[in-house]
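As structure tokens, the structure follows; a few thoughts come after it.
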Protein chains: 2
Amino acid sequence: MNEHIKPDQCQIQEALGTLVGKWKPIILLYLMKEGTQRFSELKREIPEITQKMLTKQLRELEAEGIVAREVYPEVPPKVEYSITEYGRDLQPILEAMHEWGEKHAQYKKENA
Amino acid sequence: MNEHIKPDQCQIQEALGTLVGKWKPIILLYLMKEGTQRFSELKREIPEITQKMLTKQLRELEAEGIVAREVYPEVPPKVEYSITEYGRDLQPILEAMHEWGEKHAQYKKENA
DNA sequence: CCGCATCCCAGCCGATACTG
DNA sequence: CAGTATCGGCTGGGATGCGG
């Protein structure tokens, strides 16, 4: 494949926009790995995140159609989050980025 | 492949860190497509960018080992930028993100 | 031609406190 | 349990101007 993306109509930012956010990749990985998760489960798995940020990042992912939010009208409240089918399309990209990221971390150590 | 990245040792941010920056993807695309480019050539191809930002983003890419910077000590000055071999590894990822980005732009239009 | 210095603002993110 | 509300710091990025 020696085809080049035309820089002037590049859609990379479109993808970056959905992934950028301090906690988004990690949230997506948990949802992809564990499946549907409650808010409190995610919070427990990512202890350093604040409730505010967890809410915010989830809402943004939801707005992009990548994460689904299901509210159960009970007391106490229960809200579940999951990856949408559409969101699954991101998985190979995340994996590729993770793999490259590992190499890059190594590279930086060598050239430190 | 049904292997999952362990979220607690995810290196996605490592890759995102190198790509995030308002102009980085487009700069990389130009360098990948056109090969070695002078500062002023890039500036001409991306007119909306300021000199300051072009310098800054190039320097950051250089610091990551993705872009090479060659200075010719002439008057007037001449500086050339190119993708390093190491940087080429990013190309498939950029292509995957671009492809997903196209779909996503479409998706958002439909659900507008 | 290439780049640095300065000033400025918007938006991300954290800490903390409060609520149905 | 799953959120909001408020305050405040920090940084990315734009505008503009100077310099070798």
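Convention: sequence-line order gives letters A, B, ...; per-chain numbering from 1.
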Inset, instruction - Kindly say if Y81(B) contacts the phosphate of dG3(C), meaning a side-chain N or O under 4.0 Å from OP1 or OP2. - result: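 So the side-chain polar atoms of Y81(B) do come within 4.0 Å of the phosphate oxygens OP1 or OP2 of dG3(C), strictly under.
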Inset, instruction - Return the residues of residues 55-73 of chain B meeting this criterion: a heavy atom under 4.0 Å from some atom of DNA chain C. Order them by number, or give none. - result: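 Result for residues 55-73 of chain B: T55(B), R59(B), R69(B), sorted by number.
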Inset, instruction - Give me the residues of residues 40-49 of chain B where at least one heavy atom lies under 4.0 Å from an atom of DNA chain D, by number, or none. - result: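 By residue number: none to list.
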Separation of [X] atom [atom1] from [N] atom [atom2], in whole Å?
X	N	atom1	atom2	result
K22(A)	dG11(C)	NZ	C1'	15 Å
K78(A)	dG3(D)	NZ	P	13 Å
Q51(A)	dC18(C)	CD	P	14 Å
L54(A)	dG14(C)	CG	C1'	14 Å

Legend entry - Exercise: identify the closest heavy-atom pair between K22(B) and Q13(A):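 Closest approach of K22(B) to Q13(A), heavy atoms only: O-NE2, 2.9 Å.
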Legend entry - Nearest heavy-atom neighbours spanning T84(A) and G65(A):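 So the minimum-distance heavy-atom pair works out to OG1-O, 2.7 Å.
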Legend entry - Side chains of L42(A) and I49(A) in contact at under 4.5 Å (non-hydrogen atoms):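 They are not in contact (no side-chain heavy atoms under 4.5 Å apart), so the answer is no.
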Legend entry - 4.5 Å side-chain heavy-atom contact, L61(B) and L31(B):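 No; the side chains remain at least 4.5 Å from each other.
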Inset, instruction - Answer yes if the side chains of E102(A) and Q106(A) hold a donor-acceptor pair under 3.5 Å, and no otherwise. - result: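 E102(A) vs Q106(A): no donor-acceptor pair found between side chains.
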Legend entry - N/O donor-acceptor pair, side chain K52(B) with base dG3(C), under 3.5 angstrom: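 Absent.
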Legend entry - Closest-nucleotide 5' rank along DNA chain C - winner of R38(B) and M53(A):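 Per heavy-atom nearest nucleotide, the more 5' residue is R38(B).
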Legend entry - Ring geometry between F39(B) and Y81(B) (parallel below 30°, tilted from 30 to 60°, perpendicular above 60°):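 Ring orientation, 0 to 90° scale: tilted.
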Inset, instruction - Can you establish whether the number of heavy atoms outside E85(A) located under 6.0 Å from its atom CD is more than 12? - result: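 Counting neighbours around CD of E85(A), 12 or fewer heavy atoms of other residues, nucleotides or ligands fall under 6.0 Å, so no.
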Inset, instruction - Go through the steps for E99(A) and K103(A) under the test salt bridge (charged side-chain N to carboxylate O under 4.0 Å, His left out), then give the verdict. - result: CA-CA 7 Å; E99(A) 211 171 317; K103(A) 271 189 256 171; 5.5 Å; no
